[in-house]
Amino acid sequence: MKTDEWRQEQERLERVRNKLMTRIAELEPEVTGLRDQAADMRKRFWEELTINTSTTEDFEDSFYSVQQQSAMLAERERGHKRLVDQWNGMKRLLPSPYFGRVDFHEDGLNTSEQVYIGVSSFVDDDGLNFLIYDWRSPIASLYYDYPPGRASYVTPGGTIEGTMELKRQFQIQDGQIRNMFDASETIGDELLQQVLGKDADSQMKSIVATIQKEQNAIIRNDKSRMLIVQGAAGSGKTSAALQRVAYLLYKHRQTIKADQIVLFSPNSMFGSYVSTVLPELGEENMQQTTFQEYLDYWLSSLLRSEDPFDQIEYTLTAQDKPGYEARIQGIAYKTSEAFLKALQNYGKWLGREGMRFKDIRFRSRVLITAERMSAKMYAFDSSLPLFSRVVLLQEWLLNELASLERKERDASWAQEELNYLDNEQYAEFFGMLHKEKELLDLSEHYAMARELMNKERRGDEGDIDFAQREEELILRSIVKKSFKPLRKSVRKFSFVDIKGLYGQLFGDEASYREKTNEVVIPPLWSEICKQTRDMLSRDELFHEDATPYLFVKELVEGVRTNKEIRHVFVDEGQDYSAFQYEYLKKLFPRARMTVLGDFGQAIFMQATNLEASDSPLMWLFGEADTSLIRLVRSYRSTREIVEFTKSLLAGGDEIVPFERRGHKPLLFRLNDMKKRDAQILEDIVSLRAEGFASIAVITKTAAESREAYDSLQSQGVGELQRITKETLVFEKGVMVIPVYLAKGIEFDAVFIYNASPAAYSRDNERKLLYTACTRAMHRLHLYTTGDWSPFVQALPANLYEKAPD
């Protein structure tokens, strides 16, 4: 770079920073003043609020006055928020106002435009000249999508074509240009080398300065209802997804808010790991949850559902236990498209026969029998959907309860409760008469009151005993209160025996075929049925049963939907079943879906191949509304680690390492576990001395992580953390973690605690080992006290180094 160009760029940077500082200083008193005004208005609003209800006109005047004051307060607060957002945006820009520049000569114009790109926009004093363009603006896509030469970008008014004459990248810190590159590619290797060479952090950072062309295609895709991203480990798919959220909030800021976007994370800890990305870009965080949290929300009051981590612990540790093979077959079948179709057929069968209900009981008596409900439901028009007939049955039950409630007023128990009311209880029921409309037929009460007043005017009070009528009303309230739980349970469809409906699927083979028209059934079906029924008898569900159970529930009760959500993001999407995707589509009917995953890391049995032609994702929204983007370049790890890890994976040849050099993976073979743990301690001390602050000892299972944690602590490893499924916050340091909880997270160094055949030898364990090793950014160590895993033994010897025995 010529000295003159460097000087010119630094001078421009200083001019922009001066304008930023001036604008920040100008806005500060205005921001403070608006905040104080809004606070003062809010305080006076409540202090001076008076409602005059003397006449209808006075009430209307009061209503419109309150409405007007509320609107003024809301507008003042919105104005304050807009100003604060501008102010904070400029403060974010100040240390490093921009990271890129393109000079673009639009066809038909005489001059080219210098476009400087940063994390948000900044306009000159004239309000027309952009000193900095937001990275999400249409023209900024030039920086990510093209090298110098012919280029174009899409605007709401059409496509703009021209020639990119220059593309320049900056590293700016505290107002000084530290590095500057003219690039022929999307993002020059020099900048990426420096960014990727940094140590791991406890929270994911924004990547807007280093977005690659293929990542930009993910971020700006605004057409597909289903966007599938199949990306190799470390390819930046999660980072791109979060920048995509920021882009959507920018482009559709008038119609989409952050709380209309939801991210399904692989675990609760992952939420804290990605929580700072959007705030760094000036956007609010979207909603975050896990699919298990959703299941627990709808099932917790009914049944306890096993979580996916307990399920994978079972599949990895229970090979020698009775019933293991049947459980594995059950997991495979219950998460398949075949079972989904079987349950759809089951719903049709229930429309003809087989519905199960629960008696409605009151004070140890059966008020309405299950048989009567069944007869009533099947008497409704059979052309109606099953859930519509159940809703009609619900209405009928509420009417029946109202009739039974009236009869119950004459029951002896009601009179006894009335007679034994103490003063406090009497006052409670008397208050109900006057305050709670739901516990009193007001029209009847008012009619009685009018009758009393008329009799008083006539001087005819002998025929009515007011105390007696008051007791009658309280008696009605007692019965109504007693029946309230029954009405509530009917409104919640508690009269439907969902557990019985799901359980009756798991009888003998002939019965199952009759109900579902299923042809292919797992060989160990009878054992699968027994295991499922045993769990249901304890009010529990296997993880693989949880979504099908809710599916059956909604066949009967109707589908719950959330029409407010407009975008659904699913991370680690390969770990979701066909059932779960179908369920998400029904739950969020207005939402577009972005699914990110890597079939190479499909360590759960219900895995879905995201890019297969027969993948359920391909037909979920239809081929025309579905896009697939593949990311094959891995940026997280050094070239040496990527070459090692991709060789572990069948079909891993297509993964392309980024050219960042480092140490080869190091293999340690020790005589016993004590020596292994001593070596790990020595390596931790050594790497920490080199400055690595994030070191993970990755185990195969949670059970092994407990053993490793206890053993390493006894060796003297200080400040050691053990990560479990209950861990909510990810922090730097030395930690012991099961591989399935490490997904999506990266570490400076990774130690594979046990790389022996006992840990990794079966086909389903190959991807576990691959997933564990791909967490490493700079260093990868593997340890064993015996032979090496066959997956390691099969690797070419030039891909790793062996420590002396």
**Prompt:** When the ring centroid of Y146 is compared with that of F104, is the distance short of 6.0 Å?
**Reply:**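 Judged by ring-centre distance (under 6.0 Å), Y146 and F104 do not meet the cut-off.
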**Message:** Working note: D174 + R17, criterion salt bridge (Lys or Arg N to Asp or Glu O under 4.0 Å); need CA distance, chi angles, decisive distance, verdict.
**Reply:** CA-CA 10 Å; D174 300 325; R17 277 175 48 82; over 6 Å; no
**Message:** Using side-chain heavy atoms (C-beta onward) and a distance below 4.5 Å, is Q176 in contact with R178?
**Reply:**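 In short, these two side chains touch, coming nearer than 4.5 Å.
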**Prompt:** So do D575 and P266 actually touch side chain to side chain, heavy atoms under 4.5 Å?
**Reply:**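 P266 vs D575: side chains apart.
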**Request:** Quick one: do E5 and R168 satisfy salt bridge (Lys or Arg N to Asp or Glu O under 4.0 Å)? Show the steps, please.
**Result:** CA-CA 11 Å; E5 287 183 276; R168 182 167 289 170; 2.8 Å; yes
Answer yes or no: does atom [atom1] of [X] have more than 12 heavy-atom neighbours from other residues, nucleotides or ligands under 6.0 Å?
X	atom1	result
E14	CD	yes
E564	CD	no
E623	CD	no

**Request:** Over 60° means perpendicular and under 30° means parallel, so classify the ring planes of F99 and Y144, tilted if in between.
**Result:**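 Correct class here is tilted.
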**Request:** For the residue pair Y133 and F130, categorise the inter-ring angle as parallel (less than 30°), tilted (30 to 60°) or perpendicular (more than 60°).
**Result:**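 Judged by the thresholds at 30° and 60°, the geometry between Y133 and F130 is parallel.
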**Item:** Short N-O contact, D222 and R220, less than 4.0 angstrom
**Value:**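 No, this pair does not count.
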**Message:** Using a strict threshold of under 4.0 Å (side-chain N to carboxylate O), is an ion pair present between K223 and D625?
**Reply:**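 Not counted as a salt bridge, because no side-chain N and carboxylate O are separated by less than 4.0 Å.
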Any side-chain donor-acceptor pair under 3.5 Å between [X] and [Y]?
X	Y	answer
S137	Y250	no
D748	S694	no
Q10	Q8	no
D598	Q230	yes
T608	Q574	no
R244	T594	yes

What closest approach, in Å, do [X] and [Y] show between heavy atoms, and which atom pair accounts for it?
X	Y	value
S637	A776	OG-O, 2.5 Å
M286	L242	CE-CD2, 3.6 Å
Y116	E9	OH-OE1, 2.9 Å
S224	T626	OG-C, 4.4 Å
F621	M226	CD1-CB, 3.5 Å
N267	L741	ND2-O, 3.6 Å

**Request:** Go through the structure and list residues passing salt bridge (charged side-chain N to carboxylate O under 4.0 Å, His left out) with R560, not counting sequence neighbours.
**Result:**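 Listed in chain order: E554, E557.
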**Item:** Check against salt bridge (Lys or Arg N to Asp or Glu O under 4.0 Å), R136 and D134
**Value:** CA-CA 5 Å; R136 298 164 289 187; D134 192 294; 2.9 Å; yes
**Prompt:** Which residues pass the side chain to side chain contact (heavy atoms under 4.5 Å, CB included) test with E214, sequence neighbours left out?
**Reply:**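 With neighbours one apart ignored, the set is Q212, L631, Y635.
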